[in-house]
There are 2 protein chains.
Amino acid sequence: MSTVEETAGGEAQPWDEVTPDAARRLLLAAVEAFAERGYHATTTRDIASRAGMSPAALYIHYKTKEELLHRISRIGHEKALEILRTASRTGGGPTERLAEAVSSFVRWHAGGRTTARVVQYELDSLGPDARAEILGLRRKVDAEVRGIIEEGARSGEFDVIDVHATTLAVLSLCIDVARWFNVDGPRTPEEVGALYADLVLRMVGARGPGAAQR
Amino acid sequence: MSTVEETAGGEAQPWDEVTPDAARRLLLAAVEAFAERGYHATTTRDIASRAGMSPAALYIHYKTKEELLHRISRIGHEKALEILRTASRTGGGPTERLAEAVSSFVRWHAGGRTTARVVQYELDSLGPDARAEILGLRRKVDAEVRGIIEEGARSGEFDVIDVHATTLAVLSLCIDVARWFNVDGPRTPEEVGALYADLVLRMVGARGPGAAQR
DNA sequence: GCCGAGGGTGAGCGGGCGCTTAGCGAGCCC
DNA sequence: GGGCTCGCTAAGCGCCCGCTCACCCTCGGC
């Protein structure tokens with residue numbers, strides 16, 4: 001039922017911006033390895049061999065192992081931000097936009113679980129500078145969701161006690177999908193996205209059109 | 001406002017069951033180190049020196065570095081399960097019990113963030129056998145929450161579309177607190193617990209007493 | 001006072017890590 | 001077609017890892 005290609009590592013992420021081809025293959029191998037075992041448990045030899053190259057080939061395209069994680073993290077966060085911004089720009093009121101944001105964000109975390117895992121959980125393995133840069137992107141992600149919730153609260157379409165805490169909770173819900181989602185499990189990314197969108201609308205007390213009414 | 005002791009590593013967890021004293025100090029040092037840098041990035045030398053001992057001292061009390069993680073993980077999961085069971089056994093209907101379960105579970109994840117981080121996020125660093133044992137405990141945690149939600153759904157006190165998915169989402173919300181909670185941040189564990197209990201009651205569409213009515 | 005047991009140390013082992021370097025071969029320019 | 005560039009490899013360096021071993025100190029029992 002899922003429409004995105006889900007070859008191991010391929011998933012929903014295109015990685016088109018990474019060139020040349022060898023650099024992309026290495027990056028893809030790194031994503032897989034980091035997601036499976038974590039950054040620190042992954043060796044450069046493992047990454048290289050997954051990409052069908054010798055250990056030394058990695059250092060032609062990347063200065064260090066950390067640069068790989070940094071690149072993956074930045075591209076991933078930019079993709080996440082783009083998803084939320086697209087959803088936020090769709091027509092309709094806060095209810096529709098929040099539902100669209102959550103369901104597409106969840107779809108990305110579920111369908112591209114391999115990438116999302118690295119992006120969301122390996123942040124602390126970055127050095128201070130890279131980490132600070134990525135944290136800037138995360139604040140933008142946060143602001144995007146908070147913006148929608150704030151607007152709904154102001155217009156009275158939502159009923160929210162604490163906008164900041166609710167924003168955090170909504171993001172928690174979406175991000176944690178990358179921790180537990182199993183591609184071979186009973187639910188498709190689309191189903192989880194729809195379910196979670198409904199749960200989030202309940203959390204913000206949405207009364208407007210699109211809220212779960214019964 | 002917080003009543004639990006929050007000395008670094010001490011937190012809400014007693015670790016009384018770990019004896020002798022040197023073994024407990026090592027375990028505590030390991031919890032701190034694993035939470036800060038992750039299991040694979042932590043060295044046995046770091047653990048030992050945090051505990052004020054030589055690197056070799058570790059191997060008097062533990063066979064391997066993994067045994068430390070295994071012990072931490074089991075004790076932590078047992079504590080988590082105990083918290084949920086206690087909450088589940090309090091008087092009142094599903095609404096009160098779910099609220100109590102969520103708020104106390106969140107308080108544990110926030111107040112004992114150091115421990116909770118290791119318990120919830122370092123599971124994959126365990127070997128197959130230890131991992132399987134811990135996964136058994138996790139299923140019990142899951143069952144505890146699902147039990148309350150199921151009961152509320154059956155009695156009509158809750159309005160839930162998908163019990164399994166909702167259970168997962170509730171646990172997600174609680175567990176993810178260990179990822180973002182900051183002891184120096186603006187909110188106490190108690191505040192987050194209360195906020196999240198309210199959000200969860202909304203998610204399950206609680207209509208009974210204790211639900212956020214307005 | 002001697003002994004054994006148990007908690008602890010200093011030194012160091014084998015090995016695998018991230019990363020480097022010297023060199024090789026295919027393709028392109030002139 | 002000679003030479004330069006670029007992508008890549010084989011070999012290996014230096015380091016630090018998890019873990020071990022020989023030995024030591026302290027303390028209770030007799």
Side-chain angles (χ1 to χ4, degrees), chain A residues 15-73 118 122-131, chain B residues 15-73 118 122-131:
Chain A
W15 301 111
D16 288 338
E17 60 265 62
V18 185
T19 52
D21 186 66
R24 179 169 50 248
R25 267 159 51 219
L26 283 164
L27 201 96
L28 228 82
V31 169
E32 270 186 57
F34 291 162
E36 255 174 51
R37 309 141 104 94
Y39 174 78
H40 287 291
T42 300
T43 69
T44 54
R45 285 161 174 84
D46 181 24
I47 296 171
S49 85
R50 278 178 198 247
M53 299 178 184
S54 78
L58 197 151
Y59 294 91
I60 295 159
H61 301 281
Y62 302 95
K63 273 209 294 290
T64 60
K65 175 178 152 188
E66 195 198 325
E67 193 192 330
L68 266 168
L69 179 60
H70 186 188
R71 278 255 228 286
I72 292 167
S73 206
V118 179
E122 299 293 339
L123 181 64
D124 290 341
S125 302
L126 286 171
D129 291 355
R131 195 164 176 279
Chain B
W15 300 113
D16 288 340
E17 60 266 63
V18 184
T19 53
D21 185 66
R24 179 170 50 249
R25 269 160 49 221
L26 283 164
L27 200 96
L28 227 81
V31 169
E32 270 186 56
F34 291 162
E36 255 175 49
R37 316 156 94 93
Y39 175 78
H40 287 290
T42 300
T43 68
T44 53
R45 283 161 174 84
D46 182 24
I47 297 171
S49 85
R50 278 179 198 246
M53 299 177 184
S54 78
L58 198 150
Y59 294 92
I60 296 162
H61 301 281
Y62 302 95
K63 274 209 294 290
T64 62
K65 175 179 152 187
E66 196 199 325
E67 193 193 329
L68 267 168
L69 179 59
H70 186 190
R71 279 255 228 286
I72 292 166
S73 206
V118 179
E122 298 293 339
L123 182 64
D124 290 340
S125 301
L126 287 170
D129 291 355
R131 196 165 176 279

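So you know, we letter chains A, B, ... as the sequences are listed, proteins then strands, and number each from 1. Both backbone and side-chain heavy atoms feed into the values below; hydrogens, waters and symmetry mates do not.
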ask   = Side chain of B:R45: nearest nucleotide among D:dC8, D:dG12, D:dC19?
value = D:dC19

inquiry  = Here's a test of your reading of the structure: between B:I60 and A:T44, which maps to the more 5' nucleotide of DNA chain C?
reply    = B:I60

note = Separation between CG (B:L68) and CG (B:L27), nearest 0.5 Å, reads 6.0 Å

note = B:Y39 atom OH is separated from D:dG18 atom C1', nearest whole Å, by 9 Å

ask   = Can you tell me how far C1' of C:dG7 sits from NE2 of B:H61, to the nearest Å?
value = 6 Å

message = Quick check for you: among D:dG12, D:dC19, C:dG8, whose closest atom lies nearest to any side-chain atom of B:Y59?
response = D:dC19

request  = Using a strict 4.0 Å threshold on nitrogen-to-oxygen distance, state whether A:R50 and A:E36 make a salt bridge.
outcome  = yes

key: A:D124 side, atom CG; A:R131 side, atom CZ - distance, nearest 0.5 Å   = 4.5 Å

message = Please report the interatomic distance OH(A:Y39) to CD1(A:I72), rounded to the nearest 0.5 Å.
response = 9.5 Å

message = From CD1 of A:I47 over to P of C:dG18, roughly how many Å is that when rounded to an integer?
response = 8 Å

task = For A:T43, answer base if it contacts any base atom (sugar-phosphate contacts may also be present), sugar-phosphate if it contacts only those atoms, and nothing otherwise; contact means non-hydrogen atoms under 4.0 Å.
result = sugar-phosphate

key: Pairing of B:D46 and B:R37 as salt bridge, 4.0 angstrom limit   = yes

task = Counting heavy atoms from C-beta on, name the nucleotide in D:dT9, C:dC19, C:dT9 closest to the side chain of B:A56.
result = C:dT9

ask   = Rounded to the nearest Å, what distance is computed from the CD atom of residue A:E67 to the C1' atom of nucleotide C:dC19?
value = 14 Å

ask   = Can you tell me if the side-chain N/O atoms of B:H40 get under 4.0 Å from OP1 or OP2 in D:dC17?
value = no

Interatomic distance where OH belongs to A:Y62 and P belongs to D:dC8 [whole Å] = 11 Å

request  = Report the distance from atom CG of A:L26 to atom C1' of C:dC19, rounded to the nearest whole Å.
outcome  = 15 Å

request  = Please state how far atom NZ in A:K63 lies from atom C1' in C:dT20, giving the value in whole angstrom units.
outcome  = 15 Å

note = When rounded to whole Å, the CG to P distance for the pair A:D46 and C:dG16 reads 14 Å

ask   = Considering only D:dC19, C:dG8, C:dT9, which nucleotide approaches the side chain of B:T64 most closely?
value = D:dC19

key: Of the listed nucleotides D:dT9, C:dG8, D:dC19, the one nearest the side chain of A:M53   = D:dT9

